[in-house]
Protein chains: 2
Amino acid sequence: MPKSRRNDKAAAAPEGALTMADLARLAGVSKITVSRALSENGIVAAGTRDKVRALAAEHGYKLNVSARNLRLRQSHTIAVIVEMKPSVNRPMSDPYPLELLGGIAQELATANYSVLLTTRPGALAPAVQAADAVILLGQGARQQAVHLFDRLRLPMVVWGAPGADEAHVVVGSDNRQGGASAAERFVALGRHHPVFLGDTDHAEMAERHAGFVKHLKTHGIAPIIIDHKAFTAESGFEAVAGLLRKKTRFDAVFAINDLLAMGAVRALIEAGLRVPEDVTVIGYDDTPLGAAFIPPLTSVHQNWHEGGVLLARKALALFRGEKVTSETLPSRLVVRTT
Amino acid sequence: MPKSRRNDKAAAAPEGALTMADLARLAGVSKITVSRALSENGIVAAGTRDKVRALAAEHGYKLNVSARNLRLRQSHTIAVIVEMKPSVNRPMSDPYPLELLGGIAQELATANYSVLLTTRPGALAPAVQAADAVILLGQGARQQAVHLFDRLRLPMVVWGAPGADEAHVVVGSDNRQGGASAAERFVALGRHHPVFLGDTDHAEMAERHAGFVKHLKTHGIAPIIIDHKAFTAESGFEAVAGLLRKKTRFDAVFAINDLLAMGAVRALIEAGLRVPEDVTVIGYDDTPLGAAFIPPLTSVHQNWHEGGVLLARKALALFRGEKVTSETLPSRLVVRTT
DNA sequence: CGGTATCTTGATATCGATAACATTCGATGT
DNA sequence: ACATCGAATGTTATCGATATCAAGATACCG
């Protein structure tokens, strides 16, 4: 069946490829009238508009996007650059980028925009450069981000921690508050020897750390900090096992990641301790896995979907030349068993 | 700064928007020569080509994709329709769609194609309809898929199980073989009372089930089948706990998913059984989580990245009118502790 | 009934790149 | 020396939609 496809094109225009000119002929009006009738804000007599729209629907008319974009000198496209390979920093095991993408796609679809997906190496493709704006996911707001921005010269919005780098519009979760909410719970539970588990170099994690430490300080508590580069359950296990071996005294663990938290819980249970009675544990990201974990993990939830929606809106606003500011989404502690 | 953006456009073309005509003037040749010089297979004198290319690079010339696509009557775009919301069948906790997407994006980028990402509701957007082909992810090869195909009238490739529905080109993992490889290992380990844990209604899972059962049968073994709709660790835990309560005799568990497998392992360990000595467990998908689990999970690995690459290639081939067939990727058992 | 305001529609030019056909020029053969 | 061939480049037309400016139709006013 597909064999003749190529020829179909060259031979007969029909092929279902109706143009505005065709519609115009059918309706007995001019091209431009069809254009106006089909557009949202075109000024046409109600009767004409209805007739044209009916015809368009009947014949399955499809707008030629390239032609419109060429004429309007814009692409109606937002490029999303995602880091899709797993790495030390991003175990990929979480749904994070997908949920963000879902939010972005949904929001842009309602605005009649398209999502052009690329990985970093593909960012120099002409189609990307023609985008109306760029959204950056999973790059960590600094380094390469700036670089790409310079090269592309496009309005850009970044997901991450609104760090010192205020050159970009950044959307991200309130990691500081997330850290604080964990601290808050520990205080409420009367824990006095909390442990922080995670990489304090990473921008977003550093925020969680800062919020955590600060809140504890107001209660006169200084946590034990375990600066851990890896993000796996195994490393969480090891870290806590190490503490236990050294007979360090602690009664609470805040991990910057559900995986680490799960490893920590395992280590505690294997050592014969009770969770949460002896040691209470809080993770981060509120992954489905943490929720399905046994015992179900208490974790800080980030609203990724909404984050995606926000990224999309800001990208569009930026393109339109509106004033756009960075924004931080609230995170909230989801209390389960641990 | 962005305030004047709109006017910039209307006012001065400069704005970095160099066209072929501009380049032609600079190089002292005609537009078409520039076009040929910049294209891969244009016939131009080597000297001219180099001069033009140098100029293009120097001035940062960017091809206007809309114009090219309009003229060539194709979009150089493949639409990827993904189900991005979590569901009973797809816990989203696995990297599955992202890795596929990564493979697709990479392959299409090298072919100078763009990836247009949409969710199902966005599939009727003009930009999607203009795509050269469509790739469907996470829809389960039947139902809606056909529907969309009819509506869109586009070459289409689907990720999933090459079921009875041979109307489409389907790329997927060899789930039957995956199931068989689990059975094979159980046999090799001398286990005689294996359990199958998973939803046999779901197309892909049904394949795993079939392969598993069939291979066991050749060794005269009939597994216990637990037809389980949920895909969470908790439900895996419950299922195995139930078996233990009923004092069912079993020495091996094959779960169609790492989460279920992890739950199963937990149930076994909590019941005082040793894994893998008393009961050996095999999961599916080889997720980073399973690998980081304690004990590290033995699991069937699917090559998603390659799957993405294949989907992309087939989509392109289909568009070009070449003959394209469904294809099944081998899966392999990754043996770890369990 | 003339004249102006309003509404609706149309003719033309244009966005930027490329295919198809035309042309120029030097080289080669006899 | 002339005809012919082929490489290199140019001219023109075109893809489909829309902004701009102009014109026709209708209504309303005094």
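Every value quoted in this text rests on a predicted model; they were computed, and no experiment measured them. In what follows, chains carry the letters A, B, and so on, assigned in the order in which the sequence lines appear, proteins first and then strands, with residues in each chain numbered from 1.
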Please state how far atom [atom1] in [X] lies from atom [atom2] in [N], giving the value in whole angstrom units.
X: B:R73; N: C:dG16; atom1: CZ; atom2: P; answer: 21 Å
X: B:L18; N: C:dC15; atom1: CG; atom2: C1'; answer: 15 Å
X: A:N69; N: D:dA17; atom1: CG; atom2: P; answer: 12 Å
X: A:I32; N: D:dA19; atom1: CD1; atom2: C1'; answer: 7 Å
X: B:M20; N: C:dG16; atom1: CE; atom2: P; answer: 12 Å
X: A:L70; N: C:dA13; atom1: CG; atom2: C1'; answer: 13 Å
X: B:R68; N: C:dA19; atom1: CZ; atom2: C1'; answer: 15 Å
X: B:Q74; N: C:dA19; atom1: CD; atom2: C1'; answer: 14 Å

Partner residues of B:S30 under the side-chain contact (heavy atoms from CB on, under 4.5 Å) criterion, sequence neighbours left out: B:I32, B:T33

Using 30° and 60° as the class limits, which term best fits the ring planes of A:Y113 and A:H76: parallel, tilted or perpendicular? tilted

Would you tell me whether [X] and [Y] have side-chain atoms, one donor and one acceptor, within less than 3.5 Å of each other?
X: A:N69; Y: A:S75; value: no
X: A:Y61; Y: A:D22; value: no
X: B:D50; Y: B:T48; value: no

Sorted by position of nearest nucleotide on DNA chain D, 5' first, the leading residue of B:L72 and B:G28 is B:G28

Are the side chains of [Y] and [X] in contact, using a 4.5 Å heavy-atom criterion?
X: A:L108; Y: A:L316; answer: yes
X: B:E322; Y: B:L318; answer: no
X: B:L311; Y: B:E107; answer: no

With side-chain contact (heavy atoms from CB on, under 4.5 Å) as the criterion, how do B:V82 and B:L101 come out once you've worked through the C-alpha distance, each side chain's angles and the decisive distance to 0.1 Å? CA-CA 9 Å; B:V82 194; B:L101 238 38; 4.3 Å; yes

May I ask you to verify if any side-chain N or O of [X] is less than 4.0 angstrom from the OP1 or OP2 atom of [N]?
X: A:Y61; N: D:dG16; result: no
X: B:S35; N: C:dT18; result: yes
X: B:S30; N: D:dG10; result: yes
X: A:T33; N: C:dG10; result: yes

Angle by which the axis turns from one end of the helix from C:dC1-D:dG30 to C:dT30-D:dA1 to the other, five pairs per end, to 10 degrees: 40°

Looking across every strand, which nucleic acid part, if any, lies under 4.0 Å from [X] by heavy atom: base, sugar-phosphate, or nothing?
X: B:R71; value: base
X: A:V34; value: nothing
X: A:I43; value: base

Should we count CD1 of B:I43 as having more than 12 external heavy atoms under 6.0 Å? no

Ordered by number, residues from residues 44-56 of chain A within less than 4.0 Å of DNA chain D (heavy atoms) are none

Within the modelled atom types, does a donor on one side and an acceptor on the other bring the side chain of A:R36 and the base of C:dG10 under 3.5 Å apart? yes

